[in-house]
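Per chain, numbering begins at 1; letters A, B, ... match sequence-line order. FYI, side chains are in, hydrogens and waters are out, and symmetry mates aren't considered; it's all heavy atoms of this structure.
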There are 2 protein chains.
Amino acid sequence: MTAPPTAILVRSHVLALIRSGRLGPGNRLPTERVLCETTGAPRRVVRRALASLEAEGLIWRHQGKGTFAGQPAEPIGVLAAEVNGPSHPIEVMEARLCIEPELAALCALRCSAEDIQRMWALARHQYEAEDDDVIELWDSALHRMIAKSARNRPLQTAFALLDEIRATAEWQDLRALSRSTRSLGESRAQHQQIIAAIAARDPDGARAAMCAHLMARHAAMEAALVALAGEAAQAFRAEQGTDDNQGAEHA
Amino acid sequence: MTAPPTAILVRSHVLALIRSGRLGPGNRLPTERVLCETTGAPRRVVRRALASLEAEGLIWRHQGKGTFAGQPAEPIGVLAAEVNGPSHPIEVMEARLCIEPELAALCALRCSAEDIQRMWALARHQYEAEDDDVIELWDSALHRMIAKSARNRPLQTAFALLDEIRATAEWQDLRALSRSTRSLGESRAQHQQIIAAIAARDPDGARAAMCAHLMARHAAMEAALVALAGEAAQAFRAEQGTDDNQGAEHA
DNA sequence: AAGCGAACCAATCTGGTTTTTGTTCACCCC
DNA sequence: GGGGTGAACAAAAACCAGATTGGTTCGCTT
């Protein structure tokens, strides 16, 4: 790297790390000191680059903890996830299909003007992103934004629970699988519909749009699941039942 | 203490500690070894006394942690406490209206025959009860049964959260108030409709019936709330603002 | 004046140690 | 032999000191 250690360079370096590093949104990035060493930039420049990334919502930092990809996990969500324990992807999808449309409707009724502005900003960021992982990032950020703007604590807690489950590791590859079965543009158009309905203060429209969006993803996920089940069956046939079958009962 | 160090003595000693020791239910009692020293009893006796107290629900113990007065704090309880504080009764009702109809629909799809039998039994118990409080008890038991039979963990957790909130003290009088504004028979008829739809494996019917049921209670609760607000206004006018108003801001 | 390096601060994590309840064992008295 | 007794051991949680990490400030250089 003979180029001057400008903030742009550090930024792209970190972005590359995020992208290549299997960004399970809770993924931890190298420390600032390490970034200084690897990029050759002074810490001030590194910090500036990280600050801009944080402002854009791509990463978050916490003193003594580290720098992480994605959005910080709400304590209420992890607590709820602990209470809930493990659950099947289909169950989670059903629950989302139950809760998020209502959240969208409430959001249309109650969100502020600046909430709507932020939603449009999130949608625009998603539009500008190229990488699939980054798109997922903006997607979940938008859903979280809608949930927050609905101003209903119990439902938001339920959403945080689902969001936390979805952030788990085993969901990452599942989403990666389901991504291949859907068109990337479709999701974006649906998002725009949702935000448009919210901005028009149309709760029924927002509910319907969110419902359609989730149903599409639900279908994609189910397709991915059967594909995965097929793989598992193949593996099972290959190994001929040498291990326990606790994870695949009557699937 | 010239009396023999029997379990009774230790028991009364601990009880005195609990009573005099300002037992904020999470209060911590002395360790077993300390109790041995102070009472002169062998550890075995102390443990037996503590075990009986624990069996009676007066205390609870945990390895490595200690012995505490009252009941252990369930995670779902602390979650509910976290959510309950800042959330308005209307919000909780909205959340129920979002989640429980879907639970009823899923229940209609998935519950077993014996689940249905148990629901009918619960409804019959509610029919046979005379006291209003007992009726409420059977009511919540039925709702819990439906939630459990829906076989969807995240939604069931969300329901448990709402149920826990509803069990809080401030909800008790609110329900007592709202009870006067509705007819007791109405709720029973609605319950029968719900169970009938579930028994008929009719998810849409179950969803609609549950929705109607909750809407009726929602209306009763709103009426109770305005009545309560009126009382609060009266009280406020009577006292002319001598105390803090933290509990009634812009109601 | 702006950038840089270093040191320092505060919050967190990490590893080992201690405390506390739970369990087991050999022993003693009736 | 049955039941009680004391001690030691096991397991889980709390506790504490040191290292780690993001956040901040201070001189210094260009």
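- Here A/I90 pairs with A/H88, A/E94, A/H218, A/E222, A/L225 under the side chain to side chain contact (heavy atoms under 4.5 Å, CB included) rule; sequence neighbours left out.
- Listed by chain and number, the residues in a side chain to side chain contact (heavy atoms under 4.5 Å, CB included) with A/E102 are A/L155, A/R207, B/C98 (sequence neighbours excluded).
- By the 30° and 60° cut-offs, the orientation of the rings of A/H191 relative to A/H213 is perpendicular.
- Rounded to an integer number of Å, the gap from CZ of B/R61 to C1' of D/dA14 is 19 Å.
- In this structure, A/R47 does not reach the D/dG22 phosphate: none of its side-chain N or O atoms is under 4.0 Å from OP1 or OP2.
- The distance from atom CD of A/E37 to atom C1' of C/dG5 is 14 Å, rounded to the nearest whole Å.
- Under the rule for a ring pair (Phe, Tyr, Trp, His ring centres under 6.0 Å), A/H62 has no partner lying at least two apart in sequence or in another chain.
- Atom OG1 of B/T39 and atom CG of B/L9 lie 7.0 Å apart (nearest 0.5 Å).
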Under 3.5 Å, which N/O atoms of the protein pair with N/O atoms of nucleotides 1-7 of chain D?
none

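- In this entry the distance linking CZ of B/F68 with P of D/dA12 reads 17 Å, nearest Å.
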What N/O pairs connect the protein and nucleotides 16-21 of chain D at under 3.5 Å? Give each pair on its own line.
from	atom 1	to	atom 2	distance (Å)
D/dT21	O2	A/G64	N	3.3

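- Salt bridge absent: A/E91 and B/R153 never bring a charged side-chain N and a carboxylate O closer than 4.0 Å.
- Remark: B/S149 pairs with B/C107, B/C111, B/D115, B/M119, B/M145, B/R151 by the side chain to side chain contact (heavy atoms under 4.5 Å, CB included) rule, at least two apart or across chains.
- Considering CG of A/L79 and CD1 of B/I76, their distance stands at 8.5 Å, rounded to 0.5 Å.
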